[in-house]
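Step one of this worksheet: look at the structure below.
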Amino acid sequence: MLTLQQINTDKEAVIESLKIRNRDYSKEINLIIETDNLRKQTQAEQDKALAEANNLAQQIGKLFKEGKGDEAKSAKEKAGQLKETSKKLTSQLNEIKEKLNTLLSEVPNIPNKLVPAGKTDQDNFEINSGGEKPKLHDKAVPHWDLAKKYDIIDFDLGTKITGAGFPVYKGKGAKLQRALINFFLKEAEISGYTEIMPPLMINEASGFGTGQLPDKEGQMYKMEVDNLYMIPTAEVPVTNIYRDVILTEDDFPIKMTAYSSCFRREAGSYGKDVRGLNRLHQFDKIEIVQIQHPDKSYETLDIMVKHVESLIKKLELPYRTVRLCGGDLGFTAALTYDFEVYSAAQEKWLEVSSISNFETFQANRLKLRYKSKNDKKTKLAHTLNGSALALPRIVAALLENNQTPEGIKIPKALIPYTGFDIIN
RNA sequence: GGAGAGAUGGCAGAGCGGUUGAAUGCACCGGUCUUGAAAACCGGCGUACCGCGAGGUACCGGGGGUUCGAAUCCCUCUCUCUCCGCCA
């Protein structure tokens, strides 16, 4: 969430920047400032009352020691009154603080200047593309048919065991998953990321830290009995490693990668979008996370984009890179690049990666800070993350694009990991 | 699951109702000394909020209570450790 400091220093600029999200937040921002002023005022009153009470209590202590019981008694009465007023003020203050927090957590991140105007994903700005759309043979079919033909992914079986959106990978299908996981992890390792194997369930504090709670509670599976959530992405447990941490500048950059299964309820999705591997409740993803000095986070974002691009290139998939427009930009992000690969049989672009700079938005919730060398103050760090990469749609594109009458060819870069070069 | 012990500053560890934001040691930073370093000595050393400032307030795992006054007493939650049970 935004800091009060950000809002108080330049309220107009905040409101103006948020307009690119196609909404006017001036009402919210003004209410926040108003509430904050009330907070300050109430706190000043409370501090005064408490100071007086503290003083009095000390005096009473002294009087008792000196054996002046009578004087102490009258002082006690006065203290009792003070206590009541301070109690009232305290509960008022708590209420105000809670309101302020709620208000603050409802304002999205300030978009970077590079974010283009627009409402939907149609308005995203294409900044790059590569690879070539393959020419498929006459009898080419979408990946869900290929999955059945070669018996590598069984959607019905998943439905039987669990429900829709939980596919079962079999034989070479399972091996392909494992190969992709190892390939992505290896590439991340080469780029200097430390591998993390995180818990797949998280508590409330972690969900709040990275911004899934309270905004996206409905997207997560919840274990009511233990009050835990299944992770929607490894971003959550991995970034939360640094919750409540104060770093030194020398610690930057912190680079972590993690493979995990991800669980999303995807309530409200339907139709073509969810066919086959296009949208699942459980899927596998390799995530890269960086924690960086504010001066260097955008440089880092570009490096992360390059990393993802190199993965897709090695897999020889046609892709395009887009910068998300204001309407498509996530609540917590300041700038996001998406990668889409072309899935030739369904003739669709599929989003396979999303790389974002959150600036201090997550760090503020996480209380993730660093000690500045210059002025020795603690300041909020910048957090970034990206998918590198999510498996299902990559698999969809690989299957569809590489299908031949003889079988599905495996891209060269992946063969050392699969141990086979064709699925037939 | 049962029984017990515990949670204090970066770490270790005192304090167990009154001037304790908290002894002491280590670590860390600045200085003296030294050719340099070590040692020794001197000084500094938590976070947040309010205030132009002096200063004030809050924080000893979280929340609540008792009291004029709580790190200290009570309740509750969470977590850690030890023993027993169960178990991949």
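Reminder, nothing fancy here: chain letters follow the sequence lines and each chain counts from 1. Worth knowing before you read on, the calculation uses all heavy atoms, side chains too, and leaves out hydrogens, waters and symmetry mates.
Counting only heavy atoms from C-beta on, Leu50(A) has its side chain closest to rU57(B) among rU19(B), rC50(B), rU57(B). Counting only heavy atoms from C-beta on, Gln58(A) has its side chain closest to rU19(B) among rU19(B), rC50(B), rU57(B). Taking only side-chain atoms of Ala51(A), from C-beta outward, the nucleotide of rU66(B), rA48(B), rU57(B) with the closest atom is rU57(B). Here the nucleotide nearest the side chain of Ala57(A), chosen from rC50(B), rU57(B), rG18(B), is rG18(B). Closest to the side chain of Ala44(A), from the set rC50(B), rU66(B), rU19(B), is rC50(B). Of all nucleotides listed (rU57(B), rC68(B), rA48(B)), rA48(B) comes nearest to the side chain of Arg369(A). Comparing rU47(B), rG18(B), rU57(B) by their nearest atom to the side chain of Asp47(A) picks out rU57(B).
Base pairing of rA40(B): its partner is rU32(B), meeting the Watson-Crick or G-U wobble criterion (both donor-acceptor distances under 3.5 Å). Pairing of rG25(B), defined by two Watson-Crick or G-U wobble distances under 3.5 Å, is identified with rC11(B). Remark: rU47(B) base-pairs with rA58(B). Criterion, Watson-Crick or G-U wobble with two distances under 3.5 Å. In this structure, rU72(B) makes no Watson-Crick or G-U wobble pair, since no nucleotide meets both defining distances under 3.5 angstrom. Nucleotide rC81(B) forms a Watson-Crick or G-U wobble pair with rG4(B), both donor-acceptor distances falling under 3.5 Å.
As rounded to the nearest Å, rU34(B) and rG25(B) have P atoms that lie 27 Å from one another. Annotation: rG4(B) and rC59(B) have their P atoms spaced 31 Å apart (nearest Å). Separating the P atom of rC11(B) from that of rA3(B) is a span of 32 Å, rounded to the nearest Å. When the C1' atom is compared between rG46(B) and rU20(B), the two are found 15 Å apart, to the nearest whole Å. Straight-line distance between the C1' atoms of rG62(B) and rC79(B): roughly 10 Å, to the nearest whole Å. If you take atom P in rG63(B) and the same atom in rG13(B), they sit 25 Å apart, rounded to whole Å. Spacing between rU80(B) and rA71(B) at atom P, rounded to whole Å, works out to 26 Å. One C1' atom belongs to rG9(B), the other to rC83(B), and the distance between them is 32 Å to the nearest Å.
Both Lys40(A) and Lys87(A) lie close to RNA chain B; mapped to their nearest nucleotides by heavy-atom distance, the more 5′-ward contact belongs to Lys40(A).
Taking atom CG on Asn94(A) and atom P on rG63(B), their separation rounds to 10 Å, with Å as the unit. Rounded to a whole Å, the CG atom of Leu93(A) is 18 Å from the P atom of rA48(B). The distance from atom CG of Asp244(A) to atom P of rG61(B) is 15 Å, rounded to the nearest whole Å. Summarising the geometry, the separation between CD on Gln43(A) and P on rC59(B) is reported as 12 Å, rounded to the nearest angstrom. Between Glu52(A) atom CD and rC68(B) atom C1' the separation is 13 Å, expressed in whole Å. Residue Lys97(A) contributes atom NZ, which lies 11 Å from atom P of rA58(B) at whole-angstrom precision. Rounded to a whole Å, the CG atom of Asp250(A) is 15 Å from the P atom of rC28(B). Separating the CD1 atom of Ile96(A) from the P atom of rA58(B) is a distance of 18 Å, rounded to the nearest angstrom.
Looking at every heavy atom in both residues, Leu329(A) comes nearest to Pro111(A) through CD2-CB, 3.9 Å.
A centroid separation of less than 6.0 Å is found between the aromatic rings of His293(A) and Tyr370(A).
Looking only at side-chain heavy atoms (C-beta outward), Ile291(A) and Leu247(A) come within less than 4.5 Å of each other. No side-chain heavy atom of Gln282(A) sits less than 4.5 Å from a side-chain heavy atom of Leu280(A). Considering only heavy atoms from C-beta on, Thr383(A) stays 4.5 Å or farther from Gln290(A) through its side chain. At least one side-chain heavy atom of Leu335(A) sits under 4.5 Å from a side-chain heavy atom of Leu114(A). The shortest distance between side-chain heavy atoms of Tyr229(A) and Gln212(A) does not fall below 4.5 Å.
To the nearest 0.5 Å, atoms CE (Met201(A)) and CZ (Phe263(A)) are separated by 8.0 Å.
For Asn54(A) and rG69(B), the shortest distance from a side-chain N or O to OP1 or OP2 is not below 4.0 Å. Checking the phosphate oxygens (OP1, OP2) of rG46(B), no side-chain nitrogen or oxygen of Lys371(A) falls inside 4.0 Å. Contact between the side-chain N/O atoms of Asn55(A) and the OP1/OP2 oxygens of rG56(B) is not found at any separation under 4.0 Å. Here Ser86(A) does not reach the OP1 or OP2 of rU57(B): none of its side-chain N or O atoms lies under 4.0 Å away.
Ile60(A) comes within 4.0 angstrom of a base, heavy atoms only. Here Lys367(A) lies out of heavy-atom contact (under 4.0 Å) with every strand.
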